[in-house]
Protein chains: 2
Amino acid sequence: MDETTPPTLTALSTYLLSRVGKAARNRLGEQLAPRGLRLWHTAVLAALADFGAHAQRDLAARLGIHASDVVKVLDELTAAGWVERARDPADRRRVRVTLTPAGRAALAEQEAAARAVQEEILAPLDAEERALLHDFLLRMHRELPLR
Amino acid sequence: MDETTPPTLTALSTYLLSRVGKAARNRLGEQLAPRGLRLWHTAVLAALADFGAHAQRDLAARLGIHASDVVKVLDELTAAGWVERARDPADRRRVRVTLTPAGRAALAEQEAAARAVQEEILAPLDAEERALLHDFLLRMHRELPLR
DNA sequence: CCTATTCATAGGTGTGCACCAATGATTGGT
DNA sequence: ACCAATCATTGGTGCACACCTATGAATAGG
């Protein structure tokens with residue numbers, strides 16, 4: 001049986017983007033799932049590593065994630081000992097979230113997993129093409145609504 | 001508040017791919033939703049337009065979608081009058097699916113919607129860059145497991 | 001001929017993702 | 001001192017997506 005994807009679809013960058021993106025997402029998910037993680041866990045750890053401690057509301061704003069979902073992600077990250085919550089003494093409504101050394105180590109592992117996935121997905125491209133692709137994606141990403 | 005995405009994430013093509021891809025997927029979905037459609041509807045119409053009538057199992061194989069899900073998509077496409085189901089007289093287990101003229105017209109509209117989304121997402125890229133991106137995506141897509 | 005396989009169908013599950021409303025504690029504005 | 005707004009939290013909802021099982025009709029292979 002012919003399994004060729006319809007040219008009407010492959011002619012659309014949008015379609016390819018959504019399909020390749022989904023593949024990337026799925027493979028990333030498969031890497032994280034065994035550790036009981038989803039993409040937001042990594043994103044939160046990365047935000048803390050790159051920008052230091054955040055109030056939860058700032059994490060939500062930076063990542064474009066719902067405040068109520070931040071709570072749930074942090075519940076799991078604290079349970080893993082990767083993150084610590086502490087009331088902000090200056091404003092006791094806020095909870096200050098900090099990355100633990102264990103959290104930093106976990107992030108490094110997750111980054112490595114992501115790079116392994118990258119190797120799979122970008123396999124057909126040479127180094128120069130990968131650099132171009134990354135530049136294109138960065139520029140598109142920058143214009144995206146953070147939602 | 002600083003809403004910069006963590007560099008640890010934006011350094012990963014995989015992350016950008018999954019994020020930009022999701023945006024593309026979402027915007028496409030928003031275009032189709034008012035008409036009660038999802039991406040698979042368009043994909044099925046495209047397969048029929050590009051390769052002619054299919055048995056349902058062949059649609060499933062070509063698109064990498066579950067046979068039981070094909071049934072549901074076709075239920076809706078037939079209800080819209082875009083597709084017709086007929087028993088294959090040569091093998092009466094099979095159902096031969098054909099595109100109606102209305103279906104072809106609907107596909108054209110959906111393509112136009114997809115191109116509009118494309119215009120949004122690819123806005124930061126010039127024509128040459130878009131062509132390069134499309135080539136990259138095509139090559140990556142070709143190596144993807146059809147699932 | 002009859003048994004195993006194929007095909008379409010019906011009905012259901014689980015997961016990830018995004019979003020929403022209600023609540024209690026705390027703060028800021030006036 | 002009070003009222004309105006902010007923040008974290010709880011406990012949901014709904015959707016898209018992918019997958020699974022069981023069933024009946026039809027076919028193919030020995």
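We use all heavy atoms of the structure for the numbers below, so side chains are in, but hydrogens, waters and symmetry mates are not. Within every chain, numbering begins at 1; the chains are lettered A, B, ... in the order of the sequence lines, protein sequences first and strands thereafter.
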Pairing donors with acceptors under 3.5 angstrom, does anything connect the side chains of B:R19 and A:H141?
no

I'd like to know if the side chain of B:T14 pairs up with that of A:Q118 as donor and acceptor (distance under 3.5 Å, no hydrogens or angles considered).
yes

Quick one, B:V44 with B:V70, criterion side chain to side chain contact (heavy atoms under 4.5 Å, CB included). Give me CA distance, side-chain angles, the key distance, then yes/no.
CA-CA 9 Å; B:V44 166; B:V70 172; 5.7 Å; no

Any N or O donor-acceptor pair linking the side chain of A:D69 to the base of C:dC17 at under 3.5 Å?
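Between C:dC17 and A:D69, which were checked side chain against base, a qualifying N/O pair under 3.5 Å is absent.
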
Between the base of C:dG12 and the side chain of B:K72, is there any donor-acceptor pair under 3.5 Å?
yes

Choose from D:dC17, D:dA8, C:dA8 the nucleotide whose nearest atom is closest to any side-chain atom of B:R38.
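Nucleotide nearest to B:R38's side chain: D:dC17.
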
Return the nearest nucleotide to the side chain of A:R25; candidates are C:dC17, D:dA8, C:dA10.
C:dC17

Looking at [N], I'd like to know if its phosphate oxygens (OP1 or OP2) sit under 4.0 Å from a side-chain N or O belonging to [X].
X     : N      : result
B:W40 : D:dA16 : no
B:R85 : C:dT9  : yes
A:H66 : C:dA18 : no

Should the pair [X]-[Y] be classified as a salt bridge under the 4.0 Å nitrogen-to-oxygen rule?
X      : Y      : answer
A:D75  : A:R85  : yes
B:D135 : B:R139 : yes
B:E119 : B:R130 : yes

What nitrogen or oxygen pairs link the protein and nucleotides 23-30 of chain C at under 3.5 Å?
unit_1, atom_1, unit_2, atom_2, d
C:dT27, OP1, A:R92, N, 3.0

Walk me through whether B:W40 and B:D69 qualify under side chain to side chain contact (heavy atoms under 4.5 Å, CB included).
CA-CA 9 Å; B:W40 285 128; B:D69 292 323; over 6 Å; no

Judged by atom type as modelled, is there a donor-acceptor pair below 3.5 Å linking the side chain of B:T8 to the main-chain atoms of A:A46?
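Not a single qualifying donor-acceptor pair exists.
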
Determine yes or no for a side-chain-to-main-chain donor-acceptor pair under 3.5 angstrom, with A:R62 supplying the side chain and B:T5 the backbone.
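Side chain of A:R62 to backbone of B:T5: no pair is present.
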
For A:V95, answer base if it contacts any base atom (sugar-phosphate contacts may also be present), sugar-phosphate if it contacts only those atoms, and nothing otherwise; contact means non-hydrogen atoms under 4.0 Å.
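The answer is sugar-phosphate, as A:V95 gets under 4.0 Å only of primed atoms, P, OP1 or OP2.
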
How many whole angstroms separate atom [atom1] of [X] from atom [atom2] of [N]?
X     : N      : atom1 : atom2 : result
A:N26 : C:dC17 : CG    : P     : 10 Å
B:D58 : C:dC7  : CG    : C1'   : 11 Å
A:L74 : D:dT9  : CG    : C1'   : 12 Å
B:H41 : D:dC15 : NE2   : C1'   : 14 Å
A:R19 : D:dC17 : CZ    : P     : 10 Å
B:H54 : C:dA8  : NE2   : C1'   : 16 Å
B:E30 : D:dG14 : CD    : C1'   : 16 Å
B:L37 : D:dC15 : CG    : P     : 15 Å

Can you say whether the rings of B:F136 and A:F136 are parallel (under 30°), tilted (30 to 60°) or perpendicular (over 60°)?
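Ring orientation of B:F136 relative to A:F136: parallel.
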
Need the bend value for the helix from C:dC1-D:dG30 to C:dT30-D:dA1: angle between end axes, 5 pairs each end, nearest 10°.
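Nearest ten degrees gives 20° for this helix.
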
